[in-house]
Amino acid sequence: MHINISGHHVDLTQPIKDYVNNKLSRLERHHDRITSTNVILSVDKLIQKAEASVHVSGKDFFANSESEDLYAAIDLLTDKLDRQLIKYKEKQRSNHR
C-alpha cells in the first residue's frame, strides 16, 4: 500500500508521518487490495483536520475528521476508514454466497 501524506498550514514532522503510516497500515488487516491512500492534514485556526481517500480495487473510500489534537483527528480518521472497509468486505462476502 502506498501512502501519500501532505500538509496544509502544518509542518509534517517525521513522528507525525510515522504515526499516520502506523495507523493506516492496520487497514490492510481488513482488505488486502488497497492500492493507495492519500492523506491531507491541515490546521484551521484551533481545529486540526485530517482527511483521507483510500483506493481499493473497484471502489474509493473517503473520510475526514476534526479535533483539537492532530493525533486524535488521525485516530478518528482511521476508525472511520476501518469501519467503511469492514462494511465493504462484509457486503462483498454476502454477494458471493
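The structure displayed is predicted, hence computed values, not measured ones. Along the sequence shown, the residues carry numbers beginning at 1.
Checked for salt-bridge contact, Asp79 and Arg26 meet the test: a charged N lies under 4.0 Å from a carboxylate O.
The ring-ring contact (aromatic ring centres under 6.0 Å, His included) search around Tyr19 returns Tyr71, not counting sequence neighbours.
When each of Leu81, Asp75, Asp82, Val39 is checked for a side-chain contact (heavy atoms from CB on, under 4.5 Å) with Lys23, only Asp75 meets the rule.
Side-chain atoms of Tyr88 and Gln92 form a donor-acceptor pair, as typed in the model, at a separation below 3.5 Å.
Residues Leu70 and Ile16 are in side-chain contact: their nearest non-hydrogen atoms beyond the backbone lie under 4.5 Å apart. In this structure, the side chains of Lys49 and Asp44 come closer than 4.5 Å at one or more pairs of heavy atoms. No side-chain heavy atom of Leu24 sits under 4.5 Å from any side-chain heavy atom of Ile34. Within the 4.5 Å cutoff, side-chain heavy atoms of Asn21 are placed close to those of Ile5.
To the nearest 0.5 Å, atoms CG (Leu41) and NE2 (His9) are separated by 13.0 Å. A distance of 5.5 Å separates CG in Asn64 from NZ in Lys80, rounded to the nearest 0.5 Å. Remark: Ile40 CD1 to His8 NE2 distance equals 4.5 Å, nearest 0.5 Å. Distance CD1/Ile3 to OG1/Thr37: 5.5 Å, rounded to 0.5 Å. Separation of atoms CZ (Arg83) and CG (Leu85) is listed at 11.5 Å; rounding is to 0.5 Å. With rounding to the nearest 0.5 Å, the separation of CG in Leu27 from CD1 in Ile86 is 9.5 Å.
Crowding of Gln14 atom CD: a count of heavy atoms from other residues, nucleotides or ligands under 6.0 Å exceeding 12. Within 6.0 Å of atom NZ in Lys59, 12 or fewer heavy atoms from other residues, nucleotides or ligands are found, so the atom counts as exposed in its surroundings.
Judged purely by atom type and a 3.5 angstrom limit, Gln84 uses its side chain to pair as donor or acceptor with the backbone of Phe62. Within the 3.5 Å criterion, the main-chain N or O of Asp18 finds no donor-acceptor partner in the side chain of Asn22. Within the 3.5 Å criterion, the main-chain N or O of Ala73 finds a donor-acceptor partner in the side chain of Ser65. With hydrogens and angles ignored, the 3.5 Å screen pairs a side-chain donor or acceptor of Thr35 with a backbone N or O of His55.
Note on Ile74 and Leu12: same hydrophobic cluster, where clusters join Ile, Leu, Val, Met, Phe, Trp and Tyr whose side-chain heavy atoms are under 4.5 Å apart, directly or indirectly.
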field: Steps toward side-chain contact (heavy atoms from CB on, under 4.5 Å) verdict (Glu68, Leu46)
entry: CA-CA 6 Å; Glu68 293 180 3; Leu46 298 176; 6.0 Å; no
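Residues Ala63 and Leu77 share a closest heavy-atom pair of O-CD1, 3.2 Å. Taking every heavy atom of both residues into account, Leu76 and Glu66 meet most closely at CD1-O, 4.0 Å.
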